[in-house]
Structure formats: structure tokens, C-alpha cells
Amino acid sequence: MRCSFAQFALLPFCLLLVCLISPETARSQESRSDNPSQPGTSNSPPVTGKDDADSGDMLTLFPHSDTAPFWISGQANIVFQWHPSFQAKYSGLNSFRSRGENATSKVYTLFLGYQLTHYTEVFMDVESTGGRGLSAALGIAGFVNLDVVRNPELGPVPYLARAMVRQIIPLSNERVSAERGPFGLATSLPARRLEFRAGKMGLVDFFDTNSWGTDSRLQFLNWTVDNNGAYDYAANTRGYTDAAILEYDDHWFTVRFGEALMPKVANGIFLDADLSRARSENLELDATGNLFWHRAGTVRLVGFLNHANMGDYEEAIRDFKNGETPVPDIIFTRRQGRHKYGFGLNFEQELTSQLGVFGRLGWGDGRNESFAYTEVDRTLELGIFTKAEKWKRRNDRAGAVFVMNGIVAAHQEYLALGGRGFLLGDGALTYGHEKIFEGFYTAHLWRGFFASFDIQHLNNPGYNKDRGPLVVPTLRFHVDF
């Protein structure tokens, strides 16, 4: 235990020390100006050290070179949440607690990257997740804090979050500009190209991203706002997997395919390396243009097919009704080779230079158990995002969003009869769609320091009309080094 605490305490210090020395090192290693890389498809990593294009303000504590062959940066995200007591006719083992409580989560990340050649890059990230979530992150499908790791026993010990290689294959001489960051190191790329990534990563760093609905550091916090709730993407408890991604980019559209490892058990920390029985296929098509009001917009279509040792809701219900189990238990119905599939639509559209709308639709087949992300089979999301330039706060941002989540009939009956998933289980259920409203305001304080206020209102938490509604106010403090 002492060793774990020491590692946790040393991580912020190491982040600060690395960032203090990196500006001088970067200036001493200026390199080639013809850098190629970075498709701009990451899951909203920390902003770069460059000045904001509109304000001239630096948005990181220390500057980051545009020409050095390496990348060193870090971030810290601290989230304090609270909720008052709310009405609940009953509670189960997996219920969100009805009595008032508070919780604080802490995430620290060190991002490292190196450009081996013009077209080959390697990345490694070290992360620590500490603190805890409200109600141990149970009882709500659209949980209120994306930073929370669902297994508190893992603790704050630093771990390897990402370790991957990126290979770019140019297919044209024409080049397009690219933003340099922790997942890509070049400032220009071939307009037509193939990209290959392999290693340990978060799938949603590259699939189902959204400029205004992905980033829990500076934007929204809810699980089913920052990601498509029906997208049961392959990941372990911490949100990472081993995967390979092949991507084709051509001016206005992108196609990417990813093959990833699934966890051995639902929401498990260990991945199943036997691809013959467990794996995840992911396919996405992105299209970008200025079709509406001559403003930039993007549409993304996502599909996935997961194979794993999954349980079946209808079988669990039959076993219970036949007297084989005291309550429906999905664990006893698990079989290798079962699959789960789904589709998602993701869009973002500028309305003005400071205002945009975004949204998602999600559908999952729902026959077999929710396995990796959350317990959602249907989702609808619609939101609005703005910058605060009109009141002379150019680097502030604000947003509001509504999400409605649902599950299929067999999943409803399973929970109503007392069954539990890895996230939900009130012991009974009077079904209703889970309805979530979230709003936030993020203020830029100085350089890489940001502070946010966020509030979430949830009707029918865990799809249960007999519980709630509840309100969750949040304070967030963020630093980009």
C-alpha cells in the first residue's frame, strides 16, 4: 500500500518536472519543417501549446514545439460532484444511492511521442486514476462522470494507458494541414493517404469522436454524452484495449476499420487474446463538408460487432422461471462465441463562428448482455456548444445537451425480476427511458488552467420510474501542461 501511495504522489511531481524541462529541450532539438502526420481524429487530447488562433492566448502551461521530433505533455483533471437526497421507493445492490453524498475523481496523464521518420511515429501514455465516483459508479446507465474507473479496487497506481505505433502511407503529393498533438506529431499530411495504428489504445480516441461532445476535460462529463451509449466498444475496466486500426483518408471523407480485443468478462480488467473466440470489429465512415449555410459540418456512421463470452437475457429469465436460479443471473448463461452488434450516427454542424449543434443516435441489438461500456441499447442525443467571444472571454466555452437512453424488452424484464448487470440492478423496475440534461461552463483562468461548473438533471435513473429525479452539481479543475 505504501508503494502505491508513493507512486501516486510522485506522478504529479514528475509531470511538472517533465513539463518544466521540455520547453528548453524542444528548442534545442528543432528539426525538419516538412513534417507529415496527424489526422485530427483523437478523443480530444489536451490542447497543444500553440497560441489560440483567435485570441493569441497560450492554452498550456508551457509551449510545445511544432518542429521537434518528440512530444511531451501532461494533464490533470479533478472533478468534485455532489447530489442531495432524492426519492426512491426501493434500492438494490447496484442502485445509485438515494441519500446525499459527494465524491472526487482525479486523473493525471503523461503523454509521450516520438517521430521516428516522416511517416512513422510511436506513442506512450502513463496515467493514474484516483478518487472515486458517486455511488461507486453504479445505478445510472448514463453515469455522471466519464473520468471514473468502475473498479475502485484498482486504485491510483500509475499504469500504461497507451502504447502504439502509427504508420502513414502517402497516396498523393498534395498536402493538408494537421494539428500537432499527443496522437499525431506532424503539421501537414498527404491529402490522400493510408494510416495504420497498432498497440494499446482507447478505441474512442479514433471512433465516434465529436468536436463538442467527446471531451470530459473541458466539456461535458456524462458517459452517454461524450460517447454513444449504445456503442459497446471494446475496452477493459479502465477504457483501453489492444487493437489495430486501418484508415483511408481522401480530402472530404475518411473510412477506418479497427480490430480489437474484448475483456474476458463483462467490464473486466483482463483482455482475451484468443481472436478465434473473442474480438471486436469496428467500422466508421466520416464525411465533412459545407453543405448547410456554407458552414463546416461532419457526419459519422459507426458500426460494431463484438464476439465474447456473453450471457443471454432471455435465457437468464427462463432459468429463473424454471426455478434454476433464485433471481435471473446473466453470469450463468454465458457462452463463448456469442455476439452483439450495433450502429451509430454522429454529427456536428457549425451555425456561426461561435455556435454549433451536435448529436448522436445509437442502436444495439440488446439480445446478449451489455459487456464493455454501459447498459444502453438505444440512445438519442442533441446538444449545443458555444464559445464566449461575445462577452470577451474568447477561450471560455459553454454547452447544453439532452440525452435519452433505453434498453430492449428482455433487458427490462431481467432487471424487473431482480437481475443485475455490471452497472444496473435496483432489485425491481418500473421501466421508463433514462432522460438526462447536462449543462456546463468552462472558464479559462490563465495559460493551461481551466475551471468549470457543470450540472446534470436525471429522470428515471437506471430506467426506473420509482427512483429520482436527481440533480448532480459539479466543480471541475483542469490543467494542461
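Keep in mind that this is a model prediction, so the values were computed, not measured.
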- Query: Are the side chain of Ser135 and the backbone of Leu138 linked by a donor-acceptor contact shorter than 3.5 Å?
  - Reply: no
- Message: Tell me whether Arg360 contacts the main-chain N or O of Gly213 through its side chain, where contact means a donor paired with an acceptor under 3.5 Å.
- Response: yes
- Residue pair Gln75, Thr109: steps toward the side chain to side chain donor-acceptor pair (under 3.5 Å) verdict: CA-CA 5 Å; Gln75 69 88 30; Thr109 314; 2.9 Å; yes
- Audit row: Arg192, Ser172, side chain to side chain donor-acceptor pair (under 3.5 Å) steps and yes/no: CA-CA 5 Å; Arg192 292 180 57 247; Ser172 70; 5.3 Å; no
- Item | CZ/Phe292: more than 12 non-hydrogen atoms of other groups inside 6.0 Å | no
- Query: Around Lys200, counting heavy atoms of other residues, nucleotides and ligands shown, do more than 12 lie under 6.0 Å from its NZ?
  - Reply: yes
- For residues His433 and Tyr431, establish whether the separation of their ring centroids is below 6.0 Å. yes
- Task: Taking the six-membered ring for Trp and the single ring otherwise, decide whether the centroids of Phe304 and Tyr231 are under 6.0 Å apart.
- Result: yes
- Message: Parallel, tilted or perpendicular, judged at 30° and 60°: which one describes the rings of Tyr313 and His411?
- Response: parallel
- Task: Report the relative orientation of the aromatic rings in Phe123 and Phe183; use parallel for angles under 30°, tilted for 30 to 60°, perpendicular for over 60°.
- Result: perpendicular
Check the side chains of [Y] and [X] for a donor-acceptor pair under 3.5 angstrom, ignoring hydrogens and angles.
X: Tyr159; Y: Glu127; result: yes
X: His251; Y: Glu174; result: yes
X: Gln354; Y: Thr386; result: no

- With Phe220, the ring pair (Phe, Tyr, Trp, His ring centres under 6.0 Å) member among Trp212, Phe402, Tyr441, Phe358: Phe358
- Apply side-chain hydrogen bond (donor to acceptor under 3.5 Å, both in side chains) to Gln349 and list each qualifying residue two or more places apart in sequence or on a separate chain. none
- Item | Listed once per pair and sorted, the salt bridge (charged side-chain N to carboxylate O under 4.0 Å, His left out) pairs that draw on residues 229-238, sequence neighbours left out | Asp232-Lys340
- Which atoms form the tightest heavy-atom contact between Pro182 and Phe111, and what is the distance? CB-CD2, 3.6 Å
